[in-house]
Amino acid sequence: MAEFLTPQSEDFSKWYNEIVLKADLADYSPVRGCMVIKPYGYTLWERIRDELDLRFKETGHVNAYFPLFIPMSFLEKESEHVKGFSPELAVVTHGGGKELDEPLVVRPTSETIIGHMYSKWIQSYRDLPLLINQWANVVRWEMRTRLFLRTTEFLWQERHTAHATEEEAVEETLRMLGVYTDFCVKEAAIPVIPGRKSESEKFAGAVASYTIEAMMKDGKALQSGTSHFLGQNFAKAFDIQYLDEKNKQQLAWTTSWGVSTRMVGAVVMTHGDDQGLVLPPHLAPIQVVIVPIWRKNKERGAVLEAAKQIKERLSKLVRVKLDDREGFSPGWKYNDWEMRGVPLRIEIGPRDIVKQNVMVARRDIPGRDGKMLIPMSEIEGRIPAMLETVQDAIYQKAKDFRDGNVRDVETYDELKEAIQTGFARAWWAGDREDETRVKDETKATVRCIPDEQPGGSGTCVYTGKPATEVAIFGKAY
RNA sequence: CGGGGCGUAGCGCAGCUUGGUUAGCGCGCACGGUUUGGGUCCGUGAGGUCGGCGGUUCAAAUCCGCCCGCCCCGACCA
C-alpha cells in the first residue's frame, strides 16, 4: 500500500503538518503565521466550543462580546501584563487614512478592556460575582507558528470573573480548572494533569496560574487550558471597586481563564496514528460514515436504498454521513474516512442486504480486528453504544500511554533521561533562576506543580534543598 | 534574529552540474467507458509569467547578483 502520511515514528512534526492539511482541518493563509480553518476543522472546533459553552452556562456564566481594539494605554496600566505582552502586540496606528492620536492594539487577551468595563459596571457587592465569557479571536505576534498549536491569530474563549473575596476568586479559578479537566477527559478523551504553573511560566499579571497539561504522542507536553487567579492586580489597575455590606469601598478579586483552538491540535496529537486522525466520538464532526458497496450496476439501487434507510434511522441518534460519491472504490473511501478520523464506519453491500447485516468497523482498531457484523435491526441500539466504547477505549489508550511515560525520578540525570520520552516527576524547591538553568541545560520546563501530590517531603532534584512538592517536567510545545 | 532546506501545472517532484527543439513525470482535475467487499483500469483533454527584478549570452528554468516568500530546527510564547 502506498504511503499517504509520513509515519509518526519517522518524523512526528512532519506527520502533524501533513495530517492537518490532508484531513482538511486547515490550510496555510497568504499571511505568514495565520491559518484558514477549513469546514471540517471548524466543525471540530464548534463541537469543542459547544461542549465548553454548555459547561460554562451550567456554572452560571453568560456570554458577551468585547471589542477587538484596545487603547495602548490600557495595556500599560498593569506593569507585568504589558511587559509580558508588548513583544507580541499587533498595533494599529492609522484609521480612516489618518494617524490615530493613540495607537490601538489588537487584543492579545482582554483582561484590560474587560477590567475597564467591570469598573464601570461594578458598584456594590450585590453586583458580584460578575461572570462573563466571550468567544473571540486574539492576535499574538509569535516568532514561530504552527497550525493550531501557535498561530498569529487564534480563536478562543476567555472568561473573566470578579469576586468580593479572595477565597471566592481562588475557588472560581480552581473550579474552572476542574471544568476544563472534565471536558478534556469526558469529551476530548485526553488525560490531563491539572496543576499550578511555576513562577516563570505563569500569566503576565497573575498572582497564580493553573494549567492542564497533556502529553502528546511524541512525549511532549501541551498546555491545553489555563486558569488564572489575578488577585487584585487588575482591580487596582482598573479601579474595580465595590461597596460592601458595611458601606466600605473594597477592591474586587478577579480571575481569567481560557481554552483556544490549540485544543484541536491536542486532539490530533493525542489520538492520531499513521493512518491519520482518530477523533473522539463526542467531538467528531462525523461520528458514523456509511460506505455502500456494489459490484454490478443492478445492485446499486438496492444497496443505496438500504444505505439511505440506515442513515435515516441513525441520523436521529448520531452524526452520520452517507458517502455515495461515484467513482471511488469502497477501499478508497475506507482509507479516506480513516484519515479523517471518523470513529465508526458502516459497510453495506449486496451480501449484507441478503443476510440483513451490516459490517461495522472501528477506527481505533485497525484492520479486521476492528470489524464486526451486526444485524440491521439492531443498529439503533448498538451504534450509539459502540461510539461510547470507542470514546472510552481511546481515552484509556491515551491514559496508558501517558502513565507509561511519566517517570518518578530522584536524580537530575534520571530527569534528563525521562524527558527524552515523556515527563519526569520530581521533588522541586527551585526558584525562577533554577528553572531557567534547568531549561537551558535540559530543554525541559516545569510543566506544573500537579494538584495530586504524594504528600510528605523530599529532596529537590536540582538544588538538593528540602522540598515539599513534586513538579512535572517535560519538553513543551 | 541565527542555522538548514525549498520555490518549475491544484499537489508532489524531475530537468539545472555541462545554457540550445514545442519544459517533462506521477497524483489530482474534466469528459467517455470500465469497475467497486481495503487506495480499479483504459482512453481523451484542460492546466505553466519555471518565485520576482536585473545582469551575462546569438540563446537562460539552467550561469551571476540582488530581492521576496514558504517550511523545518533554535531563542520567545496559549
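Everything numeric in this text was worked out from a predicted model, so none of it was measured. Protein chains get the first letters and strands the later ones, always in sequence-line order, with residue 1 at the start of each.
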Pairwise [atom1] distance for [N] and [M], with rounding to whole Å:
N: B:U56; M: B:C63; atom1: C1'; value: 8 Å
N: B:C11; M: B:G52; atom1: P; value: 15 Å
N: B:C50; M: B:A23; atom1: P; value: 11 Å
N: B:C25; M: B:G48; atom1: P; value: 16 Å
N: B:A30; M: B:G20; atom1: C1'; value: 36 Å
N: B:U17; M: B:G33; atom1: C1'; value: 46 Å
N: B:C72; M: B:C64; atom1: P; value: 28 Å
N: B:G24; M: B:G2; atom1: P; value: 41 Å

Base, sugar-phosphate or nothing for [X]? Non-hydrogen atoms, less than 4.0 Å.
X: A:Pro87; result: nothing
X: A:Asp352; result: base
X: A:Arg325; result: nothing
X: A:Lys439; result: sugar-phosphate
X: A:Ser227; result: nothing
X: A:Arg140; result: base
X: A:Phe203; result: nothing
X: A:Leu222; result: nothing

Which value, rounded to the nearest 0.5 Å, describes the distance between [X] atom [atom1] and [Y] atom [atom2]?
X: A:Leu415; Y: A:Trp428; atom1: CG; atom2: CH2; answer: 9.0 Å
X: A:Gln356; Y: A:Ile374; atom1: CD; atom2: CD1; answer: 12.5 Å
X: A:Arg437; Y: A:Asp431; atom1: CZ; atom2: CG; answer: 7.0 Å

Please determine whether a side-chain nitrogen or oxygen atom of A:Asn17 lies at a distance below 4.0 Å from atom OP1 or OP2 of B:C71. no

Between [atom2] of [N] and [atom1] of [X], the distance in whole Å:
X: A:Lys333; N: B:G37; atom1: NZ; atom2: P; answer: 11 Å
X: A:Leu304; N: B:U36; atom1: CG; atom2: C1'; answer: 12 Å
X: A:Glu18; N: B:C72; atom1: CD; atom2: P; answer: 11 Å
X: A:Leu21; N: B:C70; atom1: CG; atom2: P; answer: 15 Å
X: A:Leu147; N: B:C72; atom1: CG; atom2: C1'; answer: 13 Å
X: A:Lys22; N: B:C11; atom1: NZ; atom2: P; answer: 14 Å
X: A:Lys14; N: B:G12; atom1: NZ; atom2: P; answer: 11 Å
X: A:Leu373; N: B:G37; atom1: CG; atom2: C1'; answer: 11 Å

Nucleotide paired to [N] in any strand shown, Watson-Crick or G-U, under 3.5 Å:
N: B:U57; answer: none
N: B:C70; answer: B:G5
N: B:U21; answer: none
N: B:U36; answer: none
N: B:G26; answer: B:C11

Quick one: which of [options] gets closest to the side chain of [X]?
X: A:Trp332; options: B:U40, B:C72, B:G37; answer: B:U40
X: A:Glu142; options: B:C76, B:C72, B:C29; answer: B:C76
X: A:Lys443; options: B:G37, B:C76, B:G74; answer: B:G74
X: A:Ser329; options: B:G38, B:C72, B:U40; answer: B:U40

Is a donor-acceptor pair below 3.5 Å formed from side chain A:Arg368 to base B:G38, judging by atom type as modelled? no

Can you give me the closest heavy-atom contact between A:Pro375 and A:Arg382, atom names plus distance? CD-NH1, 4.2 Å

If we ignore angles and hydrogens, is there a donor and acceptor under 3.5 Å between the side chains of A:Asp274 and A:Trp15? no

Could you check A:Ser13 against A:Thr261 and say which one's nearest nucleotide on RNA chain B is further toward the 5' end? A:Ser13

Heavy-atom donor-acceptor pair, A:Asp323 side chain to A:Arg325 backbone, under 3.5 Å: yes

Short side-chain to backbone donor-acceptor contact, A:Tyr40 and A:Arg340, under 3.5 Å: yes

Under a 4.0 Å N-O cut-off, is there an ion pair linking A:Lys22 with A:Asp336? no

